[in-house]
Amino acid sequence: MRKLTLGLLATSMLTFTAAAAEAPAPLDVVLRPHASGGVADRMDVELRIAHPGVAAGQPLLRMPTTIVSTPTAGYDASAIVARDDKGPLPLTMADEAPTPTGTYRHYDVGRATVGDVVVRYGTPPRAVSVATRNGPLFDLRQQADGLMGAGVYFMALPAGEQPYRISLKWDLSDMPKGARGIWSLGEGDQSTVAPAELLAFSFYATGSVKSVPAAGKGNFGLYWLVQPPFDMNDLSTGIQRLYGYMAHFFKDDGAPYRVFIRANPYPAGGGTALAKSFMFGYGVDGTTAASDTQMLLAHEMTHNWPRLDGGEHAATAWYTEGMAEYYSVVLARRAGVIDQAKFLRVVNDHASGYYSNPYVALTNTQAGAKFWSDARAQRVPYGRGFMYLARVDAEIRAKSGGTRSLDDLVLEVLERQRKGEKVGLEQWVAMVVRELGDSARQEYEDMVAGKLIEPAPTGFAPCYRAVEAAERPFDLGYDEMRLGVVADLRADSPAARAGVKEGDLIVKSSPKQALMDDPAKQMEITVKRDGQERSFTYLPRGQAVASWHWERVQGVEDSACHL
């Protein structure tokens, strides 16, 4: 996968009004990873919920059974042991109606709770193989001698949105000597005030975890259990510098951030941004979610800040993902982390991904309906949001004579949210109309409806200019999230015409990102069918479509390039 993120969850659990944070009840969490033969094989959880006061028949706990196409531990009620001051507390379970992002299960108490409630449960890591469908990195997986994953896979948590005084502790007594326990918010025992949902939508790692810095001190770190095929010190240096610049720009100096890295057993990578952290996976051939690991991390770090309140994921993903695409490259250039040539390449990659997407004309709602089942639909808000925001920025700069830009709007949104105001789609439209006039409302509605966005004449001026061109869309021909087996093969695709068939086991194939980067590169794929290997070659491209890209304007000095 080029990218797999759920960035809308990255910051939303960490912002509260003062009123909401008054006298939060304690929620004590103990994580007990267990190892057999020196290898972690289970994660046990103990919760102590202070005086929840849940009435008979009402939910005490809640967790998804499936979250954005990824299965979770999804405990049966009998697998959860609960007690309160009165003794054993019986639980029953019921599954809620499915939503576009998953199916949730709640656990109801058989009688009213009395005093504190203590809950215990646990799960082995998810079993994965070369045939596992790539997706958001929520599942708990075994890596080397340890475990790594998101809490949403293995944690059933108190229902409701109220904040708690969370205390998280690691009990590593059943782990090999030297094992570490790391949470998105820090290593070892940690405490914070947040809704219980924060525990679900954050990452955990335990075992013989390696890190940069090695001691795991400070507010920034990279963590892994299996040695990645990258120079971790070089990667950490550039990313930490960029993160510091980003945090300063978004007026959040000193904010912590942690990157978790894990290996996949299939030839695909992916990434997921959660609370103050990000995890990315790389495939057996070293592939990540993008050809440029630095820019992948820059995108995910940006998810710490820009977001809109309210609305379904399909309605706001253009902002969440578009802002991450836009500011990851713009701030990287401002910070001097990338040069002009790389800036141009990345911007044109974003434009290409937008114009060549066969789903470019879907509405936001239509793209959202396919978001977690089709990688092409998943890329729609990335490209659409980037092109729309780049155009809005150019229009604001032009109308204000260069005194204002998109920066002013995104920082205003953040400031209002930090003061406790809900800023959603309606407020965003009002802001752009304030800057640009009534035409901005129609421009927004056209974007939502899937109308093709052309670059503004002054976009990224004076160093660059947009030019029209034709481009052949990338078309792998089958499910891009499952690269160990041919699944969901499209009958009209180049792959099918070349002889590839549904259910073929993929023995080896050209790296997907290399195919996307080079429009002339042929796919070379070897599959196993009926016990025999067969090889095919085809050009993974569709018919040419109208497109735009930026080119460097000759004679303009780099010093004149104000972004």
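Values in this document were obtained by computation on a predicted structure and should not be read as measured data. Note that these values count all heavy atoms, side chains included, but never hydrogens, waters or copies made by symmetry.
In this structure, a donor-acceptor pair under 3.5 Å is absent between the side chains of Ser184 and Ser202. Counted by atom type alone, Asp446 and Gln442 present one or more donor-acceptor pairs between their side chains at under 3.5 Å. Side-chain atoms of Asn364 and Arg384 include a donor-acceptor pair closer than 3.5 Å.
Note: Arg333 CZ to Ser328 OG = 14.5 Å, rounded to the nearest 0.5 Å. From Asp349, atom CG reaches atom CG of Leu344 across 9.5 Å, with rounding to the nearest 0.5 Å. Atoms CZ and CG, on Arg416 and Leu411 in that order, are 13.0 Å from each other to the nearest 0.5 Å. Rounding to the nearest 0.5 Å gives a distance of 9.5 Å between CE of Met323 and OG1 of Thr320. Going from atom CD of Gln378 over to atom OG of Ser69 covers 8.0 Å, rounded to the nearest 0.5 Å. Considering NZ of Lys276 and CH2 of Trp183, their distance stands at 13.0 Å, rounded to 0.5 Å.
Taking 4.0 Å as the cut-off between side-chain N and carboxylate O, Asp407 and Arg334 count as a salt-bridged pair. For Arg441 and Glu445, the salt-bridge test fails: no basic side-chain N is under 4.0 Å from an acidic carboxylate O.
Judged by distance alone, with hydrogens and angles left aside, the side-chain atoms of Arg262 form a donor-acceptor pair with the main-chain N or O of Met148 at under 3.5 Å. For the pair Thr272 (side chain) and Leu137 (backbone), a donor-acceptor distance under 3.5 Å is present. A donor-acceptor contact shorter than 3.5 Å is absent between the side chain of Tyr382 and the backbone of Tyr354. No donor-acceptor pair under 3.5 Å is formed between the side chain of Arg141 and the backbone N or O of Asn264. Checking side-chain atoms of Thr206 against main-chain N and O of Arg180 turns up a donor-acceptor pair under 3.5 Å. Judged purely by atom type and a 3.5 angstrom limit, Ser277 has no side-chain atom pairing as donor or acceptor with the backbone of Arg258. Formation of a donor-acceptor pair under 3.5 Å by the Asp309 side chain with backbone atoms of Gly424 is not found in this model. Side chain of Ser352 to main chain of Asn348: no donor-acceptor pair is present (N/O by atom type, distance under 3.5 Å, no hydrogens or angles). Checking side-chain atoms of Gln143 against main-chain N and O of Ala263 turns up a donor-acceptor pair under 3.5 Å. At least one donor-acceptor pair under 3.5 Å links the side chain of Thr363 to the backbone N or O of Gln366.
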Could you pull out every donor-acceptor pair under 3.5 Å between side chains of residues 385-398 and any protein atom, sequence neighbours left out?
residue : atom : partner : partner atom : Å
Tyr388  : OH   : Trp428  : NE1          : 3.3
Arg391  : NE   : Glu395  : OE2          : 3.2
Arg391  : NE   : Glu443  : OE2          : 2.7
Arg391  : NH1  : Glu454  : O            : 2.8
Asp393  : OD1  : Arg397  : NE           : 3.1
Asp393  : OD1  : Leu406  : N            : 3.0
Asp393  : OD2  : Tyr326  : OH           : 3.2
Asp393  : OD2  : Arg397  : NE           : 2.8
Arg397  : NH2  : Leu563  : O            : 3.3

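The two residues Gly459 and Trp550 have their closest heavy-atom pair at O-NE1, 3.3 Å. Taking both residues in full, the closest heavy atoms of Pro306 and Tyr319 are given as C-CE2, 3.8 Å, listed atom of the first, atom of the second, then distance. Residues Phe371 and Ala377 come closest through the heavy atom pair CD1-O, 3.9 Å. Across Thr526 and Ser535, no two heavy atoms sit closer than the pair OG1-OG, 3.0 Å. Taking all atoms of both residues into account, the shortest heavy-atom contact from Arg472 to Leu539 is NH1-CD2, 3.4 Å. The minimum heavy-atom distance between Glu300 and Ala273, with the atom names listed, is OE1-CB, 3.2 Å.
Side-chain contact check for Ile239 versus Gln294: some heavy-atom pair is nearer than 4.5 Å. You'll find the side chain of Arg404 stays beyond 4.5 Å of the side chain of Lys399, heavy atoms only. Annotation: side chain of Asn219 is not in contact with side chain of Tyr243 (no heavy-atom distance under 4.5 Å). You'll find the side chain of Ile261 reaches within 4.5 Å of the side chain of Met232, heavy atoms only. Tyr204 places none of its side-chain heavy atoms less than 4.5 Å from the side chain of Leu140. The closest side-chain heavy-atom distance from Val545 to Pro473 is below 4.5 Å. Between Leu414 and Lys251, the closest side-chain pair of non-hydrogen atoms is not below 4.5 Å. Side chains of Trp224 and Val212 form a contact here, defined as non-hydrogen atoms less than 4.5 Å apart.
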Practice problem: Could you check Leu476 against Met523 for side-chain contact (heavy atoms from CB on, under 4.5 Å), going step by step and ending with a plain yes or no? | Solution: CA-CA 8 Å; Leu476 187 63; Met523 161 64 92; 3.4 Å; yes

Exercise. Please report the C-alpha distance between Val226 and Tyr282 in whole Å, then the side-chain angles of each, then the deciding distance to 0.1 Å, and finally whether the side-chain contact (heavy atoms from CB on, under 4.5 Å) criterion is met.
Key: CA-CA 11 Å; Val226 176; Tyr282 57 89; 3.7 Å; yes

Practice problem: Show your working on side-chain contact (heavy atoms from CB on, under 4.5 Å) between Leu331 and Phe250 and close with a plain yes or no. | Solution: CA-CA 11 Å; Leu331 294 182; Phe250 289 114; 3.8 Å; yes

Quiz prompt | Verdict with supporting geometry, Arg345 and Asp517, salt bridge (charged side-chain N to carboxylate O under 4.0 Å, His left out) | solution = CA-CA 10 Å; Arg345 178 180 65 77; Asp517 290 343; over 6 Å; no

Self-check item: Verdict with reasoning, Lys419 to Glu415, per salt bridge (charged side-chain N to carboxylate O under 4.0 Å, His left out)
Solution: CA-CA 6 Å; Lys419 291 178 179 178; Glu415 182 180 3; 3.4 Å; yes

Practice problem: Could you check Val500 against Ile525 for side-chain contact (heavy atoms from CB on, under 4.5 Å), going step by step and ending with a plain yes or no? | Solution: CA-CA 9 Å; Val500 176; Ile525 183 171; 4.2 Å; yes

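Within the structure, every pair that satisfies the salt bridge (Lys or Arg N to Asp or Glu O under 4.0 Å) test and touches residues 365-377, not counting sequence neighbours, is listed here: Asp374-Arg376. Pairs engaging residues 461-483 under the ring pair (Phe, Tyr, Trp, His ring centres under 6.0 Å) rule: Phe343-Tyr464 [sequence neighbours left out].
In this structure, Phe280 and Phe278 have parallel ring planes: the angle between them is below the 30° cut-off, well short of the 60° mark. Ring-plane geometry between Phe260 and Phe203 is classed as tilted, the angle between the planes lying from 30 to 60 degrees on a 0 to 90 degree scale.
Atom CD of Gln227 has more than 12 heavy atoms from other residues, nucleotides or ligands within 6.0 Å. Within 6.0 Å of atom CG in Asp518, more than 12 heavy atoms from other residues, nucleotides or ligands are found, so the atom counts as buried in its surroundings.
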